[in-house]
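See below for the structure under consideration.
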Amino acid sequence: MKSDNIVNINSQLSNVDIDIKNVKTEKVVLVGNPNVGKSCVFNYLSGKYVDVSNYPGTTVSITRCNYKGKKIYDTPGIYGVSSFNEEEKVARDIILEGDVVINVVNALHLERDLFLTLQLIDMGKKVSLILNFADELKKRKIKIDTQKLSDLLGIDVYETTAVNKAGLDQIDKAIENARVGNQQLDLHFMLQQFVDEGIPQAEALLILEGDEFTANKYNKPINKDEREKIYITRRNRVNEIIDIVEHEDSRKGEISNLIGRLSLNPITGIPILLAILTLVYFFIGDFISQRVVDFTENTVGVGIVEYNIKSFVSNYTSSLIDVEILDNNGNLIDKKIYNFPDGMNANSDLKADFENFSSQPGAQTTFHYSNPIVKLFFGEFGVITMTTTYLLFLLLPLVIGFYFVMALLEDSGYLPRLATMLDRTFNKIGLNGKAVIPIILGFGCITMANITTRLLGSEREKSIATAILQFVIPCSAQLAVITVLLSGAGLTPLLIFIGVIGSVLIILSTVLNKLIPGQSSPLLIDLPIMRLPRISNVFKKMTYRSYGFMKEAGFWFFVGALAVGIMDITGLLLVWQDILAPLTTHWLKLPKEAANAFVMGMVRRDFGAAGLFAMNLTVMQITVAIITITLFTPCIASFVVMLKERGWKEGLTIWLGTWVTAFFIGGLVAQFIV
């Protein structure tokens, strides 16, 4: 909590005292959420005399007792002081009339109960905090630093276990030492304007929070936007407090708590983020996307599944089959072409030769079909073969790997802290801190990231985040290819690439933030305890989310593959190549063959980037090519999911925008450096 944003106003209470005048007996009010142990505290104080009666004008029963010359009131369990139901109305009236508030909270649910605590403090009431269920904290190995909690709230905190009366002997001290706590400075200034008009501070807060009864009493309008801001600010204050005072009761927990606090401070949080992103890149960008996917896609998907499917189909249809034998360095050492005009079953000898030759180590087999229907489903862009390989053997390992990492970050408590730390930065581009989740996911798979934009609070934010993902975020497969190309190009191309892509990101987000009406929704997120992730939780989340993603994305990729397949058999892919060729050679100053890379990038981004490997490009041509391919249109799977998420109008606008931006920026750079 920032001390310059909190004010203690004990000294200012003399002229805004809301105690009922001429009443000598002090009123002590027990307040808390349902099931926090208020009744146990009240029973301890009640002694022999207990008065149970309906509150005037309601059917709500109020329990009252006398204790050492004071009147003790046990109010109904509430989550906030307001007028939404009879219980809250009764509690509100008693709290407003009370001299001292004893706020009983469940120590196991501070993130829930402290919201009411801060509201009572903001009302200007004299408060003491009873931290109940202290015994359960020990059982669950949770540590709450009561002294820090007291300092942050500005009120005394007492630990109790009310069910067996442990700590209840401190109640007298709690009543005696109750005081006005630390209030948020901005809110206090707003309340002071009402106080200057003669409205008690407690009721002034209720007016700001939209309590109709109190607003009508003083003939004041209700501002729902103001209430939302107050609630969100209070919720974020609770999160900050929890992050400071609560952690696992062990040395390990103290270290985790320290890391949690450091993660929220940009000065220390940015280096922590960079370290985590480095580890994530090596796990996802290197191990999963390169090593694991290379095995699953090429060895299992293409080498076994596709090979056997296409071989089976070739038994019954006209086929032309190329078989190349490559050495360990990828050099061609042998090649054969097999022609089966009537299918492989019609020529058993040639079929046997094909099977023997294509089963050698390093064999790469390419099937060509003359029948357009067979080509549509089983050819190079075959709906069945490409969908199976892409979804199961390329996308699935990436999805599992990313959801595994995300579950680790989430279960550890780091991800919410990252969102909180980056919230102000994202606000500048029309987003809130939650947008960090789809952005990070985008570096793994844009298709997956498109779906996770659903967690953002408004359609405006979803549109901005989706556009950023499509325009400037390279997926892991594409990023791996870009990294290899840049690593051999030197420092200057790297700096140019980072500068151009970073500039496009800033300009794009700024323009969208200005053009799209509205504003970013405030960040409202819980900060759980920092801890080592529970592996069982991690695997449950990973499995559930991976299944959900594949179930949803599978159909749409099938649709996209069908569209590409139709373009292939109708010749539209070749038309695109011919259209792009003049633009590629004259504006981008790249070889004519680069047009093929851009066309392949429509199918899969990394296909487009990988297509640059075979070209003899200068260092600066490589720079232009990777800038263009990064800004270029999303892959077909991402495109169709984007259409589903954002609609045809917005989806096509973004898609066309990537074409224009990629070639405009790429060509502009080419004019200066090539």
Side-chain angles (χ1 to χ4, degrees), residues 107-112 137 140-145 148 235-236 238-288 398-423 425-426 432-445 448-449 452 455 476 523-546 548-549:
L108 297 174
H109 298 291
L110 276 188
E111 75 287 348
R112 178 196 68 189
L137 290 177
R140 305 191 187 193
K141 296 182 179 181
I142 298 174
K143 174 70 175 178
I144 294 177
D145 190 327
K148 284 184 180 178
R235 171 52 57 195
N236 289 333
V238 170
N239 287 339
E240 292 172 4
I241 292 171
I242 296 296
D243 189 57
I244 293 172
V245 305
E246 184 176 282
H247 58 85
E248 185 180 322
D249 191 10
S250 64
R251 179 61 180 167
K252 180 176 64 178
E254 292 177 4
I255 295 173
S256 297
N257 184 250
L258 175 62
I259 295 173
R261 292 202 303 272
L262 294 176
S263 300
L264 286 171
N265 187 330
I267 296 175
T268 52
I270 296 298
I272 291 174
L273 172 61
L274 293 176
I276 289 175
L277 288 179
T278 300
L279 292 174
V280 170
Y281 174 75
F282 279 113
F283 179 70
I284 299 295
D286 182 48
F287 177 69
I288 298 292
L398 285 172
V399 169
I400 291 174
F402 251 82
Y403 275 131
F404 175 74
V405 171
M406 293 301 291
L408 282 176
L409 296 177
E410 184 180 4
D411 208 55
S412 68
Y414 176 73
L415 203 57
R417 285 166 174 79
L418 176 60
T420 302
M421 181 188 70
L422 296 178
D423 185 51
T425 301
F426 277 83
N432 69 28
K434 282 185 180 180
V436 71
I437 297 174
I439 296 299
I440 288 179
L441 283 175
F443 286 100
C445 176
M448 175 169 47
T452 58
L455 60 83
S476 61
L523 179 67
L524 187 58
I525 194 170
D526 289 331
L527 294 181
I529 296 176
M530 284 289 291
R531 64 185 181 187
L532 286 176
R534 293 188 176 93
I535 296 301
S536 59
N537 287 349
V538 170
F539 277 100
K540 284 180 182 177
K541 291 178 180 179
M542 178 194 74
T543 303
Y544 175 78
R545 292 170 180 174
S546 298
F549 172 79

Heavy-atom pair with the smallest gap, counting every atom of [X] and [Y]:
X: Glu111; Y: Val238; value: O-CG1, 3.6 Å
X: Pro533; Y: Val538; value: CB-CG2, 3.8 Å
X: Val436; Y: Ala419; value: CG1-CA, 4.1 Å
X: Phe287; Y: Phe283; value: CB-O, 3.2 Å

Would you indicate whether the side-chain heavy atoms of [Y] and [X] approach each other to under 4.5 Å?
X: Leu418; Y: Ile440; result: yes
X: Val280; Y: Phe443; result: no
X: Phe426; Y: Ile439; result: yes

Apply side chain to side chain contact (heavy atoms under 4.5 Å, CB included) to [X] and list each qualifying residue two or more places apart in sequence or on a separate chain.
X: Leu264; value: Asp243, Arg417, Thr420, Leu527
X: Lys540; value: none
X: Thr268; value: Leu262, Asn265
X: Pro266; value: Met421

- Task: Kindly write out the residues that satisfy side-chain hydrogen bond (donor to acceptor under 3.5 Å, both in side chains) with Arg112, not counting sequence neighbours, or none if the list is empty.
- Result: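 Applying side-chain hydrogen bond (donor to acceptor under 3.5 Å, both in side chains) to Arg112 gives Asn33.
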Nearest-0.5 Å distance, [atom1] of residue [X] to [atom2] of residue [Y]:
X: Ile437; Y: Glu410; atom1: CD1; atom2: CD; answer: 7.0 Å
X: Leu441; Y: Tyr403; atom1: CG; atom2: OH; answer: 6.0 Å
X: Leu137; Y: Ile144; atom1: CG; atom2: CD1; answer: 4.5 Å
X: Lys434; Y: Asp423; atom1: NZ; atom2: CG; answer: 10.5 Å
X: Asn239; Y: Ile244; atom1: CG; atom2: CD1; answer: 11.0 Å
X: Asp411; Y: Ile535; atom1: CG; atom2: CD1; answer: 8.5 Å

- Item | Residues in ring pair (Phe, Tyr, Trp, His ring centres under 6.0 Å) contact with Phe539, at least two apart in sequence or another chain |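 By the ring pair (Phe, Tyr, Trp, His ring centres under 6.0 Å) rule, Phe539 matches Phe404.
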- Item | Expected output: side-chain Thr452 to main-chain Ala449 donor-acceptor under 3.5 Å |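 Between the backbone of Ala449 and the side chain of Thr452 there is a qualifying donor-acceptor contact (under 3.5 Å).
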- Flag if over 12 foreign heavy atoms under 6.0 Å of CG, Leu274: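 Yes, CG of Leu274 has more than 12 neighbouring heavy atoms, counting only those of other groups under 6.0 Å.
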